[in-house]
2 protein chains.
Amino acid sequence: MLSQKTRYTIRALQHLADRYGEGLVPLSEIVEKQNIPAKFLTVILSELGREGVVLAQRGKDGGYALALSPVDIRYGDIVRIMRGSLALVPCASRFSHEKCKNCVEESNCRLRSLMLQVRDETAAVLDRITLADPIVLEPAYGAE
Amino acid sequence: MLSQKTRYTIRALQHLADRYGEGLVPLSEIVEKQNIPAKFLTVILSELGREGVVLAQRGKDGGYALALSPVDIRYGDIVRIMRGSLALVPCASRFSHEKCKNCVEESNCRLRSLMLQVRDETAAVLDRITLADPIVLEPAYGAE
DNA sequence: TATATTCACTACCATTTTAGTAGACAATAG
DNA sequence: CTATTGTCTACTAAAATGGTAGTGAATATA
């Protein structure tokens, strides 16, 4: 599962992408429209600032904006920044590989081989789509 | 990420699948070959017993065996049993849908639409492969 | 320059989840 | 009747999660 923090991050960045080119967006607007706890969002946006994904300006009329064009921010990148990896097990990460603890020899681990496939399919989706891409909305669960 | 418990579960079931048709496999064998803490594995296997995935016999020469043919146990099923869902967010589960907390309206949530795509790709991999299928091993990380 | 506004950063905290362990009990074979 | 092997409930330590508090720093404007 993605953590709540990662979910907030993605929704906040989507919001900033929608406002891209329109100047600075204050925290309060994102908080209201995206239903994210204000203090927590400052933590998130500061972190994204340090990562170079958003830029911020303090003071009156300050706020946030994307530091890159939405077309240059892939969903996969966002997840990697927040979670470290797209993979479901540490040993199946292609960018930040780690040994799983208490596992069998890696070259002999079928779980790993399988999870590499899952990772690659996940990457195929998340690295193909950027914050600039329109996303076709699915109907809500339970809708006719 | 999959929890350590889920990883142990999958490796234990793979082990039992390899021994399918060869009678009962004692806990100690799985513990040794799969490098899983013994007590923890009893917890896991008991749970799988209650789920109807393995059957067990106590006493001398007792042990565990798959309750179903390996061909009838998909990796997706295992993950669903242990984790509840294949999805990366609660609202993107197809079998055990739940609302995400502090989210926007579901019919308007682009994160959800995207994560449904990821879930479906994940399911395409994990529900296609069963414990009976051979898995092509990937070379270990760092191998030439 | 004083003040209100807005973001930055560190530290802290409560709760939940995770990864086990302990220990008593039940079944079975010999 | 005793060794062996699984069952089950309860417990625990450590880590991760989801925040909040509070202080400080930059900026616009009156």
Side-chain angles (χ1 to χ4, degrees), chain A residues 1-12 15-16 23-32 34-67 82-85 88-90 98 100-103, chain B residues 1-12 15-16 23-32 34-67 82-85 88-90 98 100-103:
Chain A
M1 286 273 170
L2 301 182
S3 67
Q4 184 76 318
K5 189 179 178 187
T6 301
R7 285 175 239 167
Y8 288 155
T9 300
I10 293 174
R11 299 218 318 278
H15 192 96
L16 290 177
L24 296 170
V25 179
L27 186 87
S28 58
E29 179 185 313
I30 309 177
V31 162
E32 280 166 34
Q34 297 295 331
N35 193 23
I36 302 173
K39 271 293 191 182
F40 200 23
L41 185 54
T42 68
V43 173
I44 292 170
L45 289 173
S46 296
E47 198 172 329
L48 292 173
R50 287 191 296 274
E51 294 284 344
V53 178
V54 307
L55 44 85
Q57 189 162 10
R58 304 190 219 194
K60 190 113 201 285
D61 300 322
Y64 299 90
L66 292 185
M82 300 309 289
R83 219 177 60 142
S85 158
L88 289 179
V89 293
E98 263 179 83
C100 299
K101 60 171 294 209
N102 278 22
C103 201
Chain B
M1 288 272 172
L2 300 183
S3 68
Q4 184 77 319
K5 188 179 179 187
T6 301
R7 284 176 240 167
Y8 288 154
T9 300
I10 292 174
R11 297 216 320 276
H15 192 96
L16 290 177
L24 295 170
V25 179
L27 187 86
S28 57
E29 178 184 316
I30 308 177
V31 162
E32 279 166 36
Q34 296 298 329
N35 193 22
I36 302 174
K39 273 291 192 182
F40 199 24
L41 185 54
T42 69
V43 173
I44 291 170
L45 288 172
S46 297
E47 196 172 329
L48 291 172
R50 287 191 296 275
E51 294 283 344
V53 178
V54 307
L55 44 85
Q57 188 161 11
R58 303 191 221 192
K60 189 109 202 286
D61 300 323
Y64 299 90
L66 291 186
M82 300 309 289
R83 221 178 56 145
S85 159
L88 289 179
V89 292
E98 262 180 83
C100 299
K101 59 169 299 211
N102 277 21
C103 201

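Convention: sequence-line order gives letters A, B, ...; per-chain numbering from 1.
Side-chain atoms of A:Leu27 and A:Tyr64, non-hydrogen and from C-beta on, do get closer than 4.5 Å to each other. Two residues are said to be in side-chain contact when any heavy atoms from C-beta on lie closer than 4.5 Å; B:Met1 and A:Pro90 meet this criterion. Counting heavy atoms from C-beta outward, B:Thr42 and B:Glu47 have side chains that stay 4.5 Å or more apart. The shortest side-chain heavy-atom distance between B:Ile30 and B:Val25 falls under the 4.5 Å cut-off. Put simply, the side chain of B:Asn102 reaches to within 4.5 Å of the side chain of A:Pro37, judged on heavy atoms.
Summarising the geometry, atom CG belonging to A:Leu41 is positioned 8.5 Å from atom OG1 belonging to A:Thr9; distances are rounded to the nearest 0.5 Å. To the nearest 0.5 Å, atom CD of residue B:Gln34 and atom SG of residue A:Cys103 are 8.0 Å apart. Annotation: the span from B:Leu45 atom CG to B:Ile36 atom CD1 amounts to 8.0 Å, rounded to 0.5 Å. The distance from the NZ atom of A:Lys101 to the CG atom of B:Asn35 is 10.0 Å, given to the nearest 0.5 Å.
Rounded to a whole Å, the CE atom of B:Met1 is 16 Å from the C1' atom of C:dT17. Atom-to-atom, CG of B:Leu2 to P of C:dT17 comes out at 17 Å; the value is rounded to the nearest Å. Put simply, CD1 on B:Ile30 is 12 Å from C1' on D:dG6, counting in whole angstrom units. Between the CZ atom of A:Arg83 and the C1' atom of D:dA16 there is a distance of 14 Å, rounded to whole Å. The CG-C1' distance, from A:Leu55 to D:dT27, rounds to 15 Å in whole Å. The separation between B:Asn35 atom CG and C:dG20 atom C1' is 14 Å, rounded to whole Å. If you measure from atom CD of A:Glu29 to atom C1' of C:dT5, you get 16 Å, rounded to the nearest angstrom. One atom, OH of B:Tyr64, and another, P of C:dT28, lie 14 Å apart when rounded to the nearest Å.
A donor-acceptor contact closer than 3.5 angstrom links the side chains of A:Thr6 and A:Ser3.
The side chain of B:Arg58 places no N or O atom within less than 4.0 Å of a non-bridging phosphate oxygen (OP1 or OP2) of C:dA29. Not one side-chain nitrogen or oxygen of A:Gln57 sits closer than 4.0 Å to the OP1 or OP2 atom of C:dT5.
At a non-hydrogen distance threshold of 4.0 Å, nothing from residues 4-12 of chain B comes into contact with DNA chain D. Taking a 4.0 Å limit (strictly below) on heavy-atom distances, residues 37-48 of chain A reaches DNA chain C at A:Ser46.
Summary for the helix from C:dT1-D:dA30 to C:dA27-D:dT4: the axes at its two ends, each from 5 pairs, differ by 10° when rounded to the nearest 10 degrees.
Counting only distance, with no hydrogens or angles, the side chain of B:Arg7 and the backbone of B:Leu2 share a donor-acceptor pair below 3.5 Å.
No option in A:Gln4, A:Lys5, A:Arg11 other than A:Gln4 meets the side chain to side chain donor-acceptor pair (under 3.5 Å) test with A:Tyr8.
Considering only side-chain atoms of A:Lys101, the nucleotide from C:dA8, C:dA29, C:dG20 that sits closest is C:dG20.
Among the heavy atoms of the strands lying under 4.0 Å from A:Gly63 are primed sugar atoms or P, OP1, OP2 only; no base atom is included.
Judged by closest nucleotide on DNA chain D, B:Leu27 is the one of B:Asn102 and B:Leu27 placed further toward the 5' end.
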